[in-house]
Undergrad: 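Before I ask anything, here is the structure I am working with.
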Amino acid sequence: MSRGLQAPRGTFDVQPGDARRRLRLMGIVAEVLGRAGYEPFETPVFEDTDLFARGVGESTDIVQKEMFTFEDKAGRSLTLRPEGTAGVCRAYVEHGMHKLAQPVKLWYWGPFFRHEAPQAGRFRQFTQFGAEAIGSDDPSLDAELILLLREIIDRAGAGPARLRVASLGTPATRAAYLEELTAYLREHERELSDEVRARIDQNPLRAFDADHEGTQRVVAEAPKLLDRLSAEDRQHLDAVLGLLEAAGATYAVDPTLVRGLDYYTRTVFEFESERLGAQAALGGGGRYDRLVEELGGPPTPGVGWAAGVERMLLAAPNDEPAPDARVYIALAKPGQIGDAFALARRLRDDGIRVEVEQAGRSMKGQLKQADRIGARVTVIFGDGIEVKDMDSGQQSGAEGFEETVDKVGEVLDR
Ligand code: AMP
């Protein structure tokens with residue numbers, strides 16, 4: 001026999017227990033965001049490579065190292081989406097959504113792909129849910145989105161989570177600051193890690209992200225963007241922070257907060273689980289006031305976040321309740337499967353989980369199977385219909401479907 005096939009590196013199968021937890025989380029996400037006026041939205045799993053190069057940023061790790069890029073049969077370069085915001089903004093432009101009432105508030109859930117070194121909590125195919133509010137630069141949207149993610153984390157049981165917030169300012173402030181930072185890093189070049197040094201000009205901000213000790217010493221003394229913000233950007237940030245405080249949300253302003261995507265302006269934030277060690281980031285996001293224009297649309301501010309489903313479930317307790325008590329329909333004689341289907345349908349309409357014998361087992365084998373799947377009641381189709389309470393072993397006859405349904409209900413209520 002040949003060696004069995006396996007799921008590709010960095011991917012995984014979702015077993016039923018986990019699949020149920022994911023569905024429950026999706027329900028929480030849909031409810032929390034839906035009640036706040038966010039509409040569900042879907043974009044394709046692959047897009048033109050150019051969208052991510054332009055949207056996420058040429059110099060980011062994601063675009064430089066982590067994209068699954070391929071050519072289609074016509075030689076077009078396509079990429080499995082590494083994140084969700086670029087696709088949503090592409091759709092906003094493509095469908096002329098600037099003509100709708102603003103802001104347009106959307107949420108999504110689906111698979112994303114990054115060619116990273118797999119480890120606990122980090123995969124090559126993972127699942128994100130995200131929310132975007134496009135078409136207004138009002139700081140209350142930044143605060144609302146942060147509070148909504150906090151609520152989802154709490155309701156999913158993935159808390160406690162630390163919240164870090166910062167502002168990246170506007171492109172002009174940032175450009176001046178980046179020049180200042182680049183000059184500072186050049187001065188201390190010899191103390192930096194090779195990787196940071198090689199990319200000082202491309203992406204000096206990544207120095208704040210480095211594990212390297214020498215680099216960390218250098219950035220501790222480096223100029224901080226927060227101290228260089230324009231008065232308007234500072235006001236915007238203060239308004240966001242004020243709303244978080246008013247809502248009783250604790251946060252830390254962290255001037256070293258770096259996000260791995262280039263499109264952010266002003267607010268950036270990240271939630272980190274206090275329960276997870278490495279790979280503790282549950283979700284994060286920020287404002288992207290230039291992205292829509294960058295992708296060919298009218299100048300349009302936007303803000304959003306994305307959170308990792310696998311991370312959320314790693315941080316939350318695994319306490320998904322077992323499925324409801326079940327009914328098993330056993331068949332003592334051949335030719336009764338049609339009746340069994342009809343009864344099953346009738347019980348399922350009442351919201352009861354019902355399974356029918358479908359493997360040609362002996363009666364003894366069928367009762368064993370009923371036990372195995374945790375059935376609370378077994379209905380036996382023979383010369384008549386018998387309803388068996390699997391806990392007490394009590395069994396009684398029933399005349400016709402309606403009486404059977406009543407008796408099944410009585411046992412389930414016991
Ligand atoms: P990002 O936009 O890169 O901050 O991603 C948002 C969230 O998605 C992160 O906070 C993680 O929870 C999750 N995430 C990102 N990359 C991965 C990955 N490779 N595997 C699993 N989850 C991820």
Side-chain angles (χ1 to χ4, degrees), residues 7-14 18 21-22 25-26 29 43 45 51-52 55-57 59-68 79-89 107-132 145-146 148-150 152-153 156-159 161-166 168 203 205-206 208-209 254 256-265 267-288 291 302-316:
R9 197 167 141 72
T11 70
F12 53 88
D13 300 306
V14 180
D18 270 335
R21 297 179 73 210
R22 292 161 77 98
L25 177 59
M26 194 196 266
V29 171
T43 62
V45 160
L51 171 66
F52 302 114
V56 176
S59 70
T60 59
D61 275 356
I62 291 180
V63 171
Q64 294 238 317
K65 304 191 228 169
E66 296 172 1
M67 297 209 303
F68 282 94
T79 292
L80 298 182
R81 60 183 185 184
E83 62 87 60
T85 304
V88 172
C89 287
W107 72 270
Y108 60 81
W109 171 296
F112 292 86
F113 306 84
R114 293 181 194 173
H115 198 284
E116 302 196 80
Q119 51 179 285
R122 186 189 280 182
F123 309 98
R124 290 182 174 171
Q125 175 175 339
F126 54 100
T127 316
Q128 282 185 344
F129 58 93
E132 318 283 355
L145 277 161
I146 291 171
L148 288 169
L149 180 50
R150 158 136 270 159
I152 291 169
I153 290 170
R162 280 182 297 268
L163 167 61
R164 294 182 297 147
V165 188
L168 298 181
N203 197 353
L205 280 175
R206 292 315 293 259
F208 289 110
D209 237 2
D254 182 352
T256 68
L257 180 58
V258 174
R259 310 243 331 123
L261 307 121
D262 269 359
Y263 50 62
Y264 289 115
T265 50
T267 314
V268 284
F269 63 91
E270 198 154 84
F271 282 99
E272 255 177 19
S273 165
E274 288 177 23
R275 295 223 191 106
L276 300 179
Q279 313 306 323
L282 293 173
R287 200 160 254 298
Y288 44 84
L291 181 57
V303 56
W305 50 250
V309 170
E310 291 79 19
R311 300 275 176 88
M312 296 275 293
L313 294 182
L314 272 176

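As the structure is a computational prediction, the values presented were derived from the model and not from experiment. Each ligand, and each atom within it, is numbered from 1 in the order the structure gives. Just the heavy atoms: all of them, side chains too, but no hydrogens, waters or symmetry mates, feed the values below.
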Undergrad: For the residue pair Val309 and Phe126, establish whether any side-chain heavy-atom pair is separated by less than 4.5 Å.
TA: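 The answer is no, as the side chains (C-beta and beyond) never meet within the 4.5 Å cut-off.
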Undergrad: Can you check whether Ala281 has an N/O within less than 3.5 Å of an N/O in ligand 1?
TA: yes
Undergrad: Are the side chain of Arg21 and the backbone N or O of Leu313 linked by a donor-acceptor pair below 3.5 Å?
TA: yes
Undergrad: Tell me which part of Gln128 gets within contact of ligand 1: side chain, backbone, both or neither, using heavy atoms under 4.0 Å.
TA: side chain
Undergrad: How does Ile62 reach ligand 1, by side chain, by backbone, by both or by neither, if only non-hydrogen atoms under 4.0 Å count?
TA: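 Neither; nothing of Ile62 gets under 4.0 Å from ligand 1.
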Undergrad: Does Gly283, backbone or side chain, put an N or O under 3.5 Å from an N or O of ligand 1?
TA: yes
Undergrad: Table please: side-chain donor-acceptor pairs of residues 109-117 below 3.5 Å, with sequence neighbours left out.
TA:
| residue | atom | partner | partner atom | Å |
| --- | --- | --- | --- | --- |
| Arg114 | NE | Pro82 | O | 2.8 |
| Arg114 | NH2 | Pro82 | O | 3.0 |

Undergrad: Looking only at heavy atoms, what is the nearest atom pair of Gly284 and Leu149, with distance?
TA: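 That would be N-CD2, 4.4 Å.
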Undergrad: Look at the side chain of Arg164 and the backbone N and O of Leu257, then say whether any donor-acceptor pair between them is shorter than 3.5 Å.
TA: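 No, Arg164 side chain to Leu257 backbone: no donor-acceptor pair under 3.5 Å.
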Undergrad: Under 4.0 Å, heavy atoms only, figure out whether ligand 1 is touched by the backbone of Arg122, its side chain, both or neither.
TA: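 Contact part for Arg122 vs ligand 1: both backbone and side chain.
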Undergrad: Is there a donor-acceptor contact under 3.5 Å from the side chain of Ser273 to the main chain of Arg275?
TA: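 Confirmed, Ser273 side chain pairs with Arg275 backbone.
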Undergrad: Please report whether ligand 1 has a polar contact with Phe126, defined as an N or O pair separated by less than 3.5 Å (distance criterion only).
TA: no
Undergrad: With sequence neighbours excluded, tell me which residues meet salt bridge (charged side-chain N to carboxylate O under 4.0 Å, His left out) with Arg162.
TA: Glu272
Undergrad: Report yes if Arg114 has an N/O atom closer than 3.5 Å to an N/O atom of ligand 1; otherwise report no.
TA: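 For ligand 1, there is an N or O atom that lies under 3.5 Å from one belonging to Arg114.
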Undergrad: Can you list the ligand 1 atoms lying under 4.0 Å from a non-hydrogen atom of Gly308?
TA: 7 (C), 8 (O), 12 (O), 13 (C)
Undergrad: Taking only non-hydrogen atoms of Gly121, do any sit less than 4.0 angstrom from ligand 1?
TA: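 True for this residue.
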